[in-house]
Asks: 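Handing you a structure now.
Because the structure is a prediction, the values reported are computed rather than measured. Here is how names work: the chains are called A, B, and so on, in the same order as the sequence lines, proteins then strands, and each is numbered from 1.
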There are 2 protein chains.
Amino acid sequence: MLSERQEKILRAIVDEYIHHAEPVGSRTVSKRKDIGFSAATIRNEMADLEETGFLEQPHTSAGRIPSQFGYRYYVDHLMVPRHLNRSDLMMIRELFASQMNEVEQTIQETASILSRVTNYTSIMLGPELYDNKLKYLQVFPLNDHMAVAILVTDTGHVDQRRITVPEGVSLTNIEQMVNLLNAKLAGVPLHRLKQTVHKELLEEFSRHVENYEYLLSMIDQLLATEAEGRIFTSGTTNILSQPEFKDVEKVKVLMELLEESDTVARLFSNQETGVQVRIGHENELEAVNNCSIVSASFVVDGRSLGTIGLLGPTRMDYQKVVTLLDVLSRNLSRHFQRIYG
Amino acid sequence: MLSERQEKILRAIVDEYIHHAEPVGSRTVSKRKDIGFSAATIRNEMADLEETGFLEQPHTSAGRIPSQFGYRYYVDHLMVPRHLNRSDLMMIRELFASQMNEVEQTIQETASILSRVTNYTSIMLGPELYDNKLKYLQVFPLNDHMAVAILVTDTGHVDQRRITVPEGVSLTNIEQMVNLLNAKLAGVPLHRLKQTVHKELLEEFSRHVENYEYLLSMIDQLLATEAEGRIFTSGTTNILSQPEFKDVEKVKVLMELLEESDTVARLFSNQETGVQVRIGHENELEAVNNCSIVSASFVVDGRSLGTIGLLGPTRMDYQKVVTLLDVLSRNLSRHFQRIYG
DNA sequence: ACTTAGCACTCGTTTTTGTTGAGTGCTAAC
DNA sequence: GTTAGCACTCAACAAAAACGAGTGCTAAGT
């Protein structure tokens, strides 16, 4: 356990390092208002803190920087959630006061604000459409061999896909099919559509719909569950402003990671309630072992609808970021609750 | 005018520099198979080429690098469009052999291939929906105060938006409205929808539709022409592999530029037929004065449908890039022609 | 008249050496 | 238990030296 004085010193060092990105020396700490001890005393404590693993020394004659363990302690016990400043609050107020009907739009703009306010890279995972239920299905023919299919889900998401119409299928055929599908598939989760058709409806089809063999390929195109682009990022370039990423090689690793959507999804998915902080090695992926990821999910009717998160160096302004994500996720939850509820 | 020998030398230098990114010395040139002169002779010619502005010398005792003027001459007169290698050709074949019904998907995947094959950043401008004509309009109510509107255009593009239903508007109202709008707006270009309603249809509305005042706000939401995300990029991180961008600051400038979609659209828009090469200062924007942009547009029924382009350092593999863009744009044109035609 | 070997010279890059100063650990005094 | 003082360490910066790729010029060769 840390003494009160040690905590004071650790907090001071983390604060200092977060803002100046340079090893903190004993003198710097002792000069702070909230510290009443001489540099020498601090030095002794710092040596202890290093021994216990809270601090590290880049080299013998340098100041100390927090270890990842130190950050963890800071986040868990030392930091005081800070109030947001006026202008940031205003931005958020305005965002949610404006009329945003589209889920995607809301998410994208939230991400944008988040990255602008924090100067980190923000990432948002949109809702999994996966288990949304089909509400309505429609097909518009475009010409002899092409048509547009539209799937509306219970949450109001619209999925569209262009499909090719097989030779020998008439408009009436399509209509019949669509009617039948609508009657039978309403309420079925998207990811089970195809399965349901193949297992339960084929027979029915053969009885009610002419030419049904030709229609099969069309149905399959229609019901394919697509790999969806539900990831939104903003402020990717902010990474470039961080001193820990002045080396292009490091930037590259991160950027490439951000381009792989499944990796990002895995990295940011967050089942917990409240704000979650993952520091350095607490992240599975090696590429982000010197980064921190802070995330929070937003919830409608008790079900997680998506996640909102930030990616930055381990030297992250946790105080600010945590309150910000807390506020934003609550706002998002409320916002979507109002739309869906 | 350049002598044949000078052309040979210039070509050699550009080739060499494109592949090794380092100033080319007289010895290196003289050692090439296609050159039959001693280093001393080359040196003399090089001095001349520098005087005429085709070459530059980073400093006194370094080799020469092509000037932007030199690249221009190379592109216009010296380079021989190279055949694509087998594996690249295969990739392209496969791409267009696969069934791609979605315009967006096609474009995105083409961009992806383009960046992988070239190791530059690829950018594609999708079709302007702007003057597509409305084919069909539909509204699905989601609950008492929300609905989804779907607009299908003559080219088969589907636009969707979520709208709020004003207090006091009934389902019947909506149906009436949609029917009337469909009857009156079919064939009107998207960007003139709103205008058309306000100028020509308001009176008609008041006669045929109950509660039409309440519906007005809904119509406006419905017909708003949105700023569309028609830009696709791929391989942004490739920039980071170029030696000319080993300085983070330079990367930052470019990356930030790539995040502004209107700037990108302006930079890449290309009205010409065939492949267009813009070298360094030939680009208006200062931020890309040390970059080259090569682009080609694809065409359906004589109308440009979009542009496909590459962003890289002025030291770009023009031979490869030009043929590649040529092939891809032709393929794209043919592909879309088949779908739309 | 053109080409080329030879050589002195230039200048960025790399290596070496020297200097500085922030910061430490330890000791001894308070 | 706290703090002033001091010797010590070591990265960072700067100056100096060595290196070498490449040039321009000259003079000899064809």
Asks: Classify the side-chain pair A:Ser234/A:Ser115 by whether it contains a donor and acceptor separated by less than 3.5 Å.
Replies: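 The criterion, which ignores hydrogens and geometry beyond distance, is satisfied for A:Ser115 and A:Ser234.
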Asks: In whole Å, I'd like the distance from the CD1 atom of B:Ile65 to the P atom of D:dG22.
Replies: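 Rounded to whole Å, this separation is 14 Å.
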Asks: Roughly how many Å is it from CD in B:Gln57 to P in D:dT23, rounded to a whole number?
Replies: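 It works out to 7 Å between those atoms.
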Asks: Rounded to whole Å, how long is the line connecting atom CZ of A:Arg27 with atom P of C:dT24?
Replies: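 After rounding, the gap between these two atoms is 11 Å.
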Asks: For A:Leu267 and A:Arg278, which heavy atoms make the closest approach, and how far apart are they?
Replies: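 The answer is O-NH1, 3.0 Å.
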Asks: In whole angstrom, what separates B:Met46's CE from D:dG22's P?
Replies: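 B:Met46 atom CE is separated from D:dG22 atom P by 9 Å.
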Asks: Consider only side-chain N and O atoms of A:Asp317 and A:Tyr120, and report whether a donor and an acceptor are under 3.5 Å apart.
Replies: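 Absent: no donor and acceptor within the cut-off.
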Asks: Name every residue in residues 6-25 of chain B that has at least one heavy atom under 4.0 Å from any atom of DNA chain C, in order of residue number, or write none if there are no such residues.
Replies: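 Nucleic-acid contacts, sorted: none.
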Asks: Taking B:Ser329 for the side chain and B:Leu325 for the main chain, is one N or O donor matched with an acceptor at less than 3.5 Å?
Replies: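 Yes; at least one donor-acceptor contact below 3.5 Å.
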Asks: Grab the CG-C1' distance between B:Asp48 and C:dT3 for me, whole Å please.
Replies: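 Taking atom C1' of C:dT3 as the reference, CG of B:Asp48 is at 14 Å.
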Asks: Taking atom types as modelled, find out whether B:Arg116 and B:Ser112 have a side-chain donor-acceptor pair closer than 3.5 angstrom.
Replies: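 Indeed, the side chains of B:Arg116 and B:Ser112 share at least one donor-acceptor pair under 3.5 Å.
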Asks: Axis-to-axis angle across the helix from C:dA1-D:dT30 to C:dC30-D:dG1, five pairs an end, to 10 degrees?
Replies: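 Its terminal axes enclose an angle near 20°.
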Asks: Pairs in or reaching into residues 55-67 of chain A: which pass side-chain hydrogen bond (donor to acceptor under 3.5 Å, both in side chains), with residues at least two apart or in two chains?
Replies: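 Sorted result for residues 55-67 of chain A: A:Glu50-A:Arg64.
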Asks: Please encode protein proximity along nucleotides 4-19 of chain C as a string of B, S and -, counting only heavy-atom distances under 4.0 Å.
Replies: BBB---BBS-------
Asks: Which of these passes side chain to side chain contact (heavy atoms under 4.5 Å, CB included) with B:Arg315: B:His20, B:Glu244, B:His19?
Replies: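 Only one of B:His20, B:Glu244, B:His19 forms a side chain to side chain contact (heavy atoms under 4.5 Å, CB included) with B:Arg315, namely B:Glu244.
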Asks: Does C:dG23 have its OP1 or OP2 closer than 4.0 Å to a side-chain nitrogen or oxygen of A:Arg64?
Replies: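 Negative; the distance criterion is not met.
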Asks: Give a yes or no on this: more than 12 heavy atoms of other residues, nucleotides or ligands lie within 6.0 Å of atom CZ of A:Arg82.
Replies: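 Yes, CZ of A:Arg82 has more than 12 neighbouring heavy atoms, counting only those of other groups under 6.0 Å.
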Asks: Would you mind telling me which of B:Tyr71, B:Tyr318, B:Phe54 makes a side chain to side chain contact (heavy atoms under 4.5 Å, CB included) with B:Val14?
Replies: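 Result for side chain to side chain contact (heavy atoms under 4.5 Å, CB included) with B:Val14: B:Tyr71.
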Asks: Which residues pass the side chain to side chain donor-acceptor pair (under 3.5 Å) test with A:Asp262, not counting sequence neighbours?
Replies: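 Partners of A:Asp262 under the side chain to side chain donor-acceptor pair (under 3.5 Å) test: none.
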Asks: Roughly, in whole Å, what's the span from CD1 in B:Ile42 to C1' in D:dG24?
Replies: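 In whole Å, D:dG24 C1' and B:Ile42 CD1 are 15 Å from each other.
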Asks: Listed by chain and number, what are the side chain to side chain contact (heavy atoms under 4.5 Å, CB included) partners of B:Gln68, not counting sequence neighbours?
Replies: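 Per chain and number, B:Gln68 pairs via side chain to side chain contact (heavy atoms under 4.5 Å, CB included) with B:Ile279, B:His281, B:Thr314.
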